[in-house]
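What follows is a short report on a single structure.
For the single chain, residues carry numbers from 1 onward in sequence order.
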Amino acid sequence: MARIQRITPCLWFDRQAQAAVDFYTAIFPDSRITQTAYYGEAGREFHGMPPGSVMTIAFDLDGQSFTALNGGPQFQFSEALSLQVNCDTQAEVDHYWTQLAAGGPPQAQQCGWLKDRFGVSWQIVPTQLPRLMTGPDAARSQRVMAALLQMKKLDIAALERAAQP
């Protein structure tokens with residue numbers, strides 16, 4: 001029997017959980033819906049959702065488990081929580097940036113951050129970035145940070161150039 005993931009992020013949507021999960025699972029490899037639960041009459045005075053509508057969807061994105069909840073409009077996403085996508089190549093950075101920005105008015109933000117059409121914040125980050133930003137060479141870290149602050153979608157080649165003395 002497979003081990004259940006100990007910590008599973010739950011994403012609270014108003015009523016867009018199914019659309020969001022369909023969108024995300026189409027973007028990431030090794031992704032699938034694993035379970036769907038529906039609202040019934042029980043608790044309707046609290047949740048206000050129509051019986052038979054989607055309550056929760058358990059899903060995997062690239063092997064990471066999540067839950068999506070249609071919980072109503074009480075809570076909204078903010079940048080206080082973001083999902084970080086680590087990318088080995090510029091092609092991956094470009095792919096995830098473009099795909100997550102599709103289908104609505106996304107908001108490109110500084111330093112590789114992107115808010116998708118559902119309001120979820122993503123960080124599309126090259127795996128090289130920690131190596132470029134850390135270490136004993138403080139001047140290198142500052143050059144990379146200065147370059148990073150000028151970018152929305154991150155450019156690996158430009159970050160590598162900034163790291164050079």
Under the side-chain hydrogen bond (donor to acceptor under 3.5 Å, both in side chains) test, which residues partner [X], sequence neighbours left out?
X	value
Q5	none
D88	T127
E160	R131

Could you list the cluster mates of W12? Members are the ILVMFWY residues connected by side-chain heavy atoms closer than 4.5 Å, either directly or through other members.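 Joined to W12, directly or through intermediates: Y39, M49, M55, L69, F75.
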
Transitive ILVMFWY cluster of V125 at side-chain heavy atoms under 4.5 Å: who else is in it?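 Same cluster as V125: L129, L132, M133, V144, M145, L148, L149, M151, L154, L159.
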
side-chain hydrogen bond (donor to acceptor under 3.5 Å, both in side chains): pairs with one or both residues in residues 69-80, sequence neighbours excluded: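 Output for this query lists E79-Q109, E79-K115.
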
Quick test of your reading: applying side-chain hydrogen bond (donor to acceptor under 3.5 Å, both in side chains), list the pairs with at least one residue in residues 133-150, sequence neighbours left out, ordered by first then second residue.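 Applying side-chain hydrogen bond (donor to acceptor under 3.5 Å, both in side chains) to every pair that reaches into residues 133-150, excluding sequence neighbours, yields nothing.
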
Are the side chain of Q18 and the backbone of Q16 linked by a donor-acceptor contact shorter than 3.5 Å?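 Absent.
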
Test side-chain contact (heavy atoms from CB on, under 4.5 Å) applied to T98 - qualifying residues, sequence neighbours left out: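 None.
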
Output all residues satisfying side-chain contact (heavy atoms from CB on, under 4.5 Å) with A157, sequence neighbours left out; order by chain, then residue number.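 Expected list: D155, R161.
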
What residue pairs, at least two apart or across chains, pass ring-ring contact (aromatic ring centres under 6.0 Å, His included) with a residue in residues 138-162?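 ring-ring contact (aromatic ring centres under 6.0 Å, His included) check on residues 138-162 returns no pairs.
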
Partner set under salt bridge (Lys or Arg N to Asp or Glu O under 4.0 Å) for R44, not counting sequence neighbours: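 In terms of salt bridge (Lys or Arg N to Asp or Glu O under 4.0 Å), with neighbours along the sequence ignored, R44 is linked to E41.
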
Below 4.5 Å, heavy atoms only, C-beta onward: do Q64 and P9 meet side chain to side chain?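 Contact flag for Q64/P9 side chains = yes.
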
Close side-chain approach of Q107 to L114, heavy-atom, < 4.5 Å: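 No, every pair of side-chain atoms sits at 4.5 Å or beyond.
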
If we count only N and O atoms by modelled type, under 3.5 Å, do the side chains of Q90 and D94 hold a donor and an acceptor together?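 Result is yes, a qualifying pair exists.
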
Let me check something: any side-chain donor-acceptor pairs from residues 23-33 under 3.5 Å, sequence neighbours excluded? List them with distances.
unit_1, atom_1, unit_2, atom_2, d
Y24, OH, D116, OD2, 2.5
T25, OG1, V21, O, 2.8
T25, OG1, D22, O, 3.4
S31, OG, F28, O, 2.8
S31, OG, P29, O, 3.1
S31, OG, D62, N, 3.1

Using the side chain to side chain donor-acceptor pair (under 3.5 Å) definition, which of the options T34, T8, D60 pairs with S65?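 Testing S65 for a side chain to side chain donor-acceptor pair (under 3.5 Å) against T34, T8, D60 leaves exactly one candidate, D60.
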
